[in-house]
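As structure tokens, the structure follows; a few thoughts come after it.
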Amino acid sequence: MIPRPPKGTDDILPPASDRWRVLLRAFDDLAERFGYGLVITPMFEATELFSRGVGAETEVVEKQMYTFEDKGGRSVTLRPEATASVVRAYLQGGSSAVFKVAYAGPMFRYEQPQAGRRRQFHQVGVEYIGEPSPDADVEVIEIGFRLLEAVGITDAVVLLNSIGDPADRAAYRELLAAFLTERAGELTADARRRIAANPLRVLDSKADAAVLADAPTPAGHLSPAAAGHIAAVRAGLDAMAIPHQEEPRLVRGLDYYNRTVFEYQSASYQAAQASLGGGGRYDPLAGMLGGPEVPGVGLAMGVDRIVLAMPAGDEEAVLDVFVVAADAGRRTIALELVRSLRAEGLRVDLDLGDKSVKAQFRAADRRRAATAAVVGEEWESGRVTMKDLRSGAESSVDAREVAKWIRRR
RNA sequence: GUGGCCGUAGCUCAGUUGGUUAGAGCGCCAGGUUGUGGUCCUGGAGGUCGGGGGUUCGAGACCCCUCGGUCACCCCA
């Protein structure tokens with residue numbers, strides 16, 4: 001019996017992975033155009049990085065980390081998110097300049113899997129470190145929005161909120177705790193337990209929505225500076241024509257955020273886990289990690305979820321041409337043709353087995369090739385038979401002009 | 001971590017009140033067409049019935065445990 005993959009992990013194979021390629025390429029392209037370099041950080045880190053950076057009181061750190069002791073007795077954790085690592089790398093890299101980087105890769109959280117929630121899942125994201133301007137927030141939010149657009153999700157909306165600066169948050173926290181204590185009788189046991197530990201977390205409880213409708217909101221208790229910041233972000237998004245809406249009860253599950261928090265939703269993805277991506281400003285994070293105060297803002301997009309939300313799309317050809325050897329003796333020639341066409345930059349493949357012509361054509365069809373090139377006795381007179389696999393039309397083409405013919409059709 | 005539903009070929013499923021060598025469709029491979037796919041016809045390969053234990057003369061069907069899937073809560077990407 002073949003061992004199964006661990007619970008909550010997936011094999012992502014063709015043709016399903018075709019969409020992943022589209023998304024990953026779109027992201028890579030966007031990040032480059034917006035001036036973000038590539039960052040690669042370890043997939044596991046000292047456990048302390050996350051308990052300090054993400055916050056010891058958070059759900060992610062309390063219950064969802066893959067933590068283990070390595071052979072040297074160190075406590076290490078598979079990264080549940082990337083921001084803490086990137087900021088750590090920035091601080092240790094000795095740079096004090098503005099730092100813009102993009103990443104892509106798997107994250108790990110020990111959770112009960114469900115639609116759009118896996119134990120190993122993939123994120124692409126960017127971090128804009130060292131820039132306090134609200135325009136940085138706008139830029140980061142725009143990247144996520146453009147990414148969704150680029151893969152065909154055109155109805156995305158940015159849900160936006162401000163949770164204020166740490167001082168605002170502390171004051172608001174008192175206020176909220178007082179409100180929740182007063183209405184404790186109407187709350188679920190779960191919510192009641194959190195009042196003392198982390199009242200902010202009660203805010204997005206679905207079961208307590210009725211009570212929460214009357215609760216004070218973070219946005220209603222901002223310092224003038226924080227209020228000005230979020231107003232500037234909103235104005236920036238308006239100028240960019242990026243649809244956004246106020247979400248007074250949006251709070252992020254990680255402790256390092258301040259001021260701007262946001263997430264993306266789309267009607268094309270309706271599940272319990274509706275967020276396609278999210279992020280926010282994290283000015284306190286560098287200090288929490290023991291470094292100097294350095295502002296930052298970032299975003300993480302859930303690749304698995306976005307792929308689920310991507311429109312079906314046409315069955316596009318994934319090969320420009322499939323080369324067919326008419327007889328076993330001409331395989332070497334077929335290979336030469338394949339090599340020269342690949343060198344031309346075309347997507348080309350052939351069957352390396354000793355298959356019948358019929359089987360080779362079947363393979364061409366299944367591999368979603370746009371055309372087939374037959375190498376047979378016509379090769380002796382310098383010609384190749386080209387067939388358009390969609391229309392079925394065939395034509396005799398000069399062997400040196402095959403690439404040109406494929407591009408011109 | 002909690003709860004509902006569900007595990008029979010690669011996929012979707014059928015398997016009568018427990019009874020001999022476990023079936024279908026699709027997919028896959030080959031042939032029909034000694035150089036032509038996507039249609040059609042014929043044939044073939046492929047299953048320790050998720051795993052373990054139990055009840056029974058006999059279990060794919062019943063019981064227990066366990067692993068996994070799925071959806072929801074919680075939380076988040």
Side-chain angles (χ1 to χ4, degrees), chain A residues 1-10 13 54 58-64 80-83 104-125 144 188-191 193-194 198 201-208 250-254 261-265 269 271-279 298-309 315 322 324-330 351 353 355-379 384-394:
Chain A
M1 177 137 249
I2 303 169
R4 282 186 282 204
K7 181 170 179 157
T9 66
D10 301 293
L13 310 167
V54 174
T58 61
E59 190 85 4
V60 167
V61 170
E62 274 179 356
K63 295 155 73 173
Q64 302 175 346
E81 59 109 45
T83 302
M107 308 294 160
F108 308 85
R109 291 183 197 172
Y110 193 88
E111 298 191 90
Q112 214 49 250
Q114 74 184 74
R117 192 174 73 185
R118 319 296 302 159
R119 287 187 173 178
Q120 175 173 329
F121 61 102
H122 294 75
Q123 291 186 331
V124 295
T188 56
D190 225 32
R193 201 168 338 106
R194 285 198 202 119
N198 195 343
R201 273 214 268 155
V202 180
L203 275 187
D204 51 15
S205 164
K206 289 172 196 168
D208 295 291
L250 177 66
V251 290
R252 306 261 82 202
L254 316 178
V261 294
F262 60 90
E263 71 180 50
Y264 304 85
Q265 291 195 6
Y269 184 63
Q273 314 301 324
S275 164
L276 294 174
L299 122 108
M301 303 298 289
V303 177
D304 312 67
R305 290 183 190 173
I306 295 172
V307 167
L308 288 174
E315 289 283 298
F322 196 92
V324 172
D327 49 85
R330 266 177 256 266
D351 195 301
K355 294 284 179 56
S356 66
V357 171
K358 177 186 184 138
Q360 292 181 70
F361 266 89
R362 241 201 316 263
D365 195 51
R366 260 189 236 110
R367 297 285 305 283
R368 286 194 283 147
T371 66
V374 182
V375 175
E377 51 196 23
E378 62 270 48
W379 183 267
V384 173
T385 302
M386 296 301 302
K387 179 169 186 171
D388 183 312
L389 289 174
R390 181 152 293 184
S391 68
E394 288 193 13

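Order of the sequence lines sets the chain letters (A, B, ...), proteins ahead of strands, with each chain counted from 1.
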Between B:G60 and B:G1, how far is it from one C1' atom to the other, in whole Å?
33 Å
Does any N or O in the side chain of A:D304 come within less than 3.5 Å of the main-chain N or O of A:H122, such that one atom is a donor and the other an acceptor?
yes
Spacing of the C1' atoms in B:G32 and B:U16 (rounded, Å)
40 Å
For the pair made of NZ in A:K7 and C1' in B:U66, what is the distance, rounded to whole Å?
12 Å
Answer yes or no: side-chain N or O of A:E394 and base N or O of B:G35 forming a donor-acceptor pair under 3.5 Å.
no
Could a donor-acceptor pair under 3.5 angstrom be found where the side chain of A:D365 meets the base of B:G38?
no
With distance as the sole test, does A:Q123 use its side chain to make a donor-acceptor pair with the main-chain N or O of A:M107 at under 3.5 Å?
no
Output field dot_bracket for RNA chain B (Watson-Crick or G-U, both distances under 3.5 Å, | for other-strand pairs) contains (((((((..((((.....[...)))).(((((.......))))).....(((((..]....))))))))))))....
Which whole number of Å gives the distance between the C1' atom of B:U17 and that of B:U21?
24 Å
Is A:G125 touching bases, backbone alone, or none of the nucleic acid, heavy atoms closer than 4.0 Å?
nothing
Between B:U20 and B:G27, how far apart are the two P atoms, rounded to whole Å?
31 Å
List the atom of A:V384, the atom of A:A373, and the distance in Å for their closest heavy-atom pair.
CG1-CB, 3.9 Å
Check the distance between B:U33's P and A:D327's CG and give it to me in whole angstrom.
20 Å
Results of salt bridge (charged side-chain N to carboxylate O under 4.0 Å, His left out) for A:D365 - residues two or more places apart only:
none
Using whole Å, what does the distance between atom P of nucleotide B:U39 and atom CZ of A:R390 come to?
15 Å
Using atom C1' in both nucleotides, what's the gap between B:A30 and B:G68 to the nearest angstrom?
36 Å
Could you give the CZ-to-P distance, from A:R330 to B:U34, as a whole number of Å?
17 Å
Test item: A:L276 and A:Q265 side chains (from C-beta on) under 4.5 Å apart, heavy atoms:
no
Distance, rounded to the nearest Å, where A:E377 contributes CD and B:U34 contributes P:
14 Å
CZ of A:F361 versus C1' of B:U39: gap in Å, rounded?
16 Å
Polar pairs (N or O, both sides) under 3.5 Å between protein and nucleotides 28-30 of chain B?
residue	atom	partner	partner atom	Å
B:C28	OP1	A:R366	NE	2.3
B:C29	OP1	A:R366	NH1	3.4
B:C29	OP2	A:R366	NH1	3.3
B:C29	OP2	A:R366	NH2	2.7
B:A30	OP2	A:R362	NH2	3.1

On RNA chain B, compare the nucleotides closest to A:G8 and A:A393; which residue's is nearer the 5' end?
A:A393
Mind checking the C1' distance from B:U8 to B:G23? Whole angstroms is fine.
10 Å
hbond_proxy A:Q360 side chain to B:U36 base (donor-acceptor, 3.5 Å cutoff)
no
Pairing residues for A:K355 by the salt bridge (charged side-chain N to carboxylate O under 4.0 Å, His left out) criterion, not counting sequence neighbours:
A:D351
By side chain to side chain contact (heavy atoms under 4.5 Å, CB included), which residues pair with A:D388, not counting sequence neighbours?
A:R390, A:S391, A:R409
Could you write nucleotides 72-77 of chain B as a row of B, S and -, 5' to 3', where a protein heavy atom under 4.0 Å of any base atom gives B, of only sugar-phosphate atoms gives S, and otherwise -?
BBBBBB
Distance between the C1' atoms of B:A72 and B:C29, in whole angstroms?
43 Å
Between B:G37 and A:K387, counting only base atoms on the nucleotide and side-chain atoms on the residue, is there a donor-acceptor pair under 3.5 Å?
yes
ring-ring contact (aromatic ring centres under 6.0 Å, His included) involving A:F262 - partner list, sequence neighbours excluded
A:Y264
Got a sec, which residues hit ring-ring contact (aromatic ring centres under 6.0 Å, His included) with A:F361, two or more places apart in sequence or on another chain?
none
Partner set under salt bridge (charged side-chain N to carboxylate O under 4.0 Å, His left out) for A:R367, not counting sequence neighbours
A:D349
Mind checking A:E378 for me? I need base, sugar-phosphate or nothing, with any heavy atom below 4.0 Å counting as a touch.
base
Calculate the interatomic distance between A:D351 atom CG and B:G37 atom P; express it in whole Å.
15 Å
With sequence neighbours left out, the residues meeting side-chain hydrogen bond (donor to acceptor under 3.5 Å, both in side chains) with A:E394 are none
Please give the distance between the C1' atoms of B:C74 and B:G38 as a whole number of Å.
49 Å
Which residues share a side chain to side chain contact (heavy atoms under 4.5 Å, CB included) with A:P113, sequence neighbours left out:
A:K7, A:R118, A:R119
What's the CZ-P distance between A:R4 and B:U66, to the nearest Å?
15 Å
Checking A:E111 now: which residues fulfil salt bridge (charged side-chain N to carboxylate O under 4.0 Å, His left out) with it, not counting sequence neighbours?
A:R117
